[in-house]
Amino acid sequence: HLIGHLRTVPDELVQAEEPESGLPTRTDLLRYHLGDVQGAAGCELLFENLLRGSRGWIAYDANGQEKYRFEQTPGQDVQVTIDIELHRRIQQILQGANSLGQAFLGGAVVIDVATGEIRAAVSNPEYDLNTYNEKYAAIIQDPDRGWCNRALAEIYETGSTIKPTNLLGGLETHTVTAEQTFDCDINNLTWTGKPSHILNHGWVDGRRAIKVSCNYYFVRLGQLMGVEKLVGWLKTSGFANPVIAWPEGELTDRANAAFREAAGHVAPIGRELPPHPRFLSIGRNEMMGTIIQIANSIATIARDGVYLAPVLSKSPPVKTTPRPIA
C-alpha cells in the first residue's frame with residue numbers, strides 16, 4: 001500500500017517517435033515511450049518524477065562517428081520513514097501470528113513522538129506487488145477490500161480513543177480541572193436516548209475517567225464545552241483534515257491521488273436543537289477519523305500538547321513546524 005504499484009503509460013502520454021531533426025530538448029528526453037510504465041499509486045506515483053530519471057541520446061555523423069551525446073540521468077533514491085522490521089512484525093500479528101491465532105481486518109500506525117516520523121503503517125489484508133497486474137481483477141473484487149489502505153484511507157468511529165484528546169481540550173479550555181468530578185450514575189442522565197451504556201462508576205475525576213473509560217464523564221465534559229468549542233478543539237487536534245506532511249514541491253493533489261488519505265468527519269449529530277455534543281465526546285456516530293489521525297492525536301499528548309504533522313518521506317525531506325495546542 002505504501003510503495004504503490006506501476007501501470008502501463010496511457011496512450012495519450014506516449015511519444016510516438018524521436019525528434020525529426022535537431023537536438024532533443026530535456027522535455028523530449030523525459031517523455032514516455034511505448035511500453036513504458038509509470039507510478040500509479042503510493043510512493044511510485046507521488047515520487048514518479050524523482051524515481052524515473054530521463055533517457056540518454058546519441059547522434060552520429062555520416063561516417064558513424066559520435067556527433068552529439070546526452071547522458072541518461074538515473075532516477076533518484078527515495079527513502080521512507082518506515083522501520084521495516086517493526087512494520088513487518090505488526091503485519092504478521094494482524095495476519096494471525098498472535099495469541100488467538102486469528103487474522104484481523106484492520107490497520108495499525110506507529111509514530112515516533114519526537115520527530116513525527118511514521119515507523120509503521122500497516123493495513124491488512126494487503127496485496128502482492130509482484131502479481132498486482134495479473135491479479136488486478138481479483139484484488140478489486142476482494143470482499144475484504146485488500147486494495148484499501150486501512151491505516152490512511154479508511155475512516156472509523158474513533159470510540160474511546162478520542163477521550164484523552166477531549167480531556168486535554170477540557171483542561172486547556174478551563175472547562176474542567178484535573179480534580180473536578182462528576183457522579184457517574186445512570187439516574188443522573190441529562191439527555192434522552194443513547195449513549196445509555198453507563199456503568200455507575202460513582203464520582204470520577206479526569207484520571208479515573210480515562211482509566212475506566214467513563215462515558216458519563218465525557219458526555220458531561222462535552223456538554224460543558226459545547227458543540228462549537230468541542231468541534232474546534234478536535235479540528236485543532238488534527239481531525240477532519242488529512243494530516244500527513246509531504247515534501248515541498250509535491251502538489252497536495254498528487255499526494256491525495258497517491259495515498260487517498262481520508263479526512264474523516266467531525267460534526268454534531270444535528271438531530272436536536274441545540275445539537276448535543278454527546279456523540280463527539282465519546283467518539284461515536286459523527287466522530288469519524290483515520291487510524292493515523294488517532295495515533296497522531298495521542299502523540300500530541302505525549303509531546304505535552306505540541307502538534308506535529310506526521311511524515312512518511314525521509315528523503316526527500318519534509319519540513320514540519322511544531323504547533324502548541326495546549
Side-chain angles (χ1 to χ4, degrees), residues 1-5 41-44 46 78-132 135-136 138-165 210-213 237-239 242-245 258-264 282-284 287-303 308-314:
H1 291 100
L2 298 179
I3 293 173
H5 56 269
C43 289
E44 292 283 8
L46 181 60
V78 169
Q79 182 181 3
V80 295
T81 60
I82 297 296
D83 179 331
I84 189 62
E85 294 303 326
L86 174 64
H87 185 96
R88 182 180 291 117
R89 178 59 185 138
I90 297 173
Q91 192 174 60
Q92 291 169 344
I93 291 171
L94 289 180
Q95 290 173 346
N98 52 65
S99 60
L100 297 177
Q102 179 181 347
F104 294 93
L105 301 180
V109 171
V110 178
I111 294 175
D112 187 313
V113 170
T115 65
E117 293 182 345
I118 302 168
R119 297 303 186 202
V122 180
S123 179
N124 190 61
E126 58 173 4
Y127 50 83
D128 185 348
L129 289 176
N130 296 309
T131 58
Y132 178 82
K135 295 185 177 181
Y136 176 78
I139 291 171
I140 294 301
Q141 296 170 14
D142 177 11
D144 289 334
R145 298 165 61 246
W147 47 265
C148 176
N149 187 337
R150 286 175 161 85
L152 309 183
E154 186 84 321
I155 61 173
Y156 304 89
E157 290 184 340
T158 61
S160 294
T161 62
I162 202 62
K163 290 175 180 176
T165 298
I210 291 292
K211 182 177 181 180
V212 300
S213 193
S237 300
F239 291 92
V243 293
I244 300 178
F259 292 94
R260 300 188 182 279
E261 183 189 355
I282 61 172
R284 299 300 302 274
M287 180 64 248
M288 305 288 288
T290 62
I291 294 175
I292 193 166
Q293 287 174 337
I294 295 167
N296 201 50
S297 69
I298 300 301
T300 297
I301 295 174
R303 297 187 199 101
L308 186 62
V311 298
L312 182 61
S313 175
K314 197 174 188 71

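Numbers here are sequence positions counted from 1.
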[X] side chain to [Y] backbone, donor-acceptor under 3.5 Å:
X	Y	answer
R303	A114	no
D112	G116	no
E126	Q91	no
H1	L152	no
R119	T81	yes
K163	S213	yes
Q141	A138	no
S123	R150	yes

*Indicate the ring-plane relationship of Y127 and H5, choosing parallel, tilted or perpendicular according to the 30° and 60° boundaries.*
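Aromatic pair Y127/H5 classed perpendicular.
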Quick one: closest heavy-atom pair of [X] and [Y], and the distance?
X	Y	value
N296	P310	ND2-CD, 3.5 Å
D142	P125	OD2-CG, 4.3 Å
F104	N124	O-ND2, 2.8 Å
V113	A299	CG1-O, 4.0 Å
D128	N130	OD1-N, 2.9 Å
T290	A151	CB-O, 4.4 Å

*Run the numbers on Y156 and I294 for side-chain contact (heavy atoms from CB on, under 4.5 Å), then give the verdict.*
CA-CA 10 Å; Y156 304 89; I294 295 167; 5.8 Å; no
*Any side-chain donor paired with an acceptor under 3.5 Å for T165 and S237?*
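Short answer, no.
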*Does CD1 in I3 sit with more than 12 non-hydrogen atoms of other residues, nucleotides or ligands closer than 6.0 Å?*
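Counting neighbours around CD1 of I3, 12 or fewer heavy atoms of other residues, nucleotides or ligands fall under 6.0 Å, so no.
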*Inspect the surroundings of CZ in R145 and state if more than 12 heavy atoms from other residues, nucleotides or ligands are less than 6.0 Å away.*
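Yes, the 6.0 Å shell around CZ holds more than 12 heavy atoms from other groups.
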*In Å and rounded to the nearest 0.5 Å, what is the CD to CD1 distance from E157 to I282?*
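The CD atom of E157 sits 9.0 Å away from the CD1 atom of I282.
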*Could you state the interatomic distance from CG (D83) to CZ (R89), rounded to the nearest 0.5 Å?*
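Between D83 CG and R89 CZ, I get 13.5 Å after rounding to 0.5 Å.
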*Working for side-chain contact (heavy atoms from CB on, under 4.5 Å), residues H87 and V110*: CA-CA 9 Å; H87 185 96; V110 178; over 6 Å; no
*asked:* Quick one, I111 with E117, criterion side-chain contact (heavy atoms from CB on, under 4.5 Å). Give me CA distance, side-chain angles, the key distance, then yes/no.
replied: CA-CA 6 Å; I111 294 175; E117 293 182 345; over 6 Å; no
Do the non-hydrogen side-chain atoms of [X] and [Y] ever get within less than 4.5 Å of each other?
X	Y	result
I292	I118	yes
T158	M288	no
C43	V80	yes
L2	I82	yes
Y132	I139	yes

_Does I244 form a side-chain contact (heavy atoms from CB on, under 4.5 Å) with F259? I'd like the steps, not just the answer._
CA-CA 10 Å; I244 300 178; F259 292 94; 5.9 Å; no
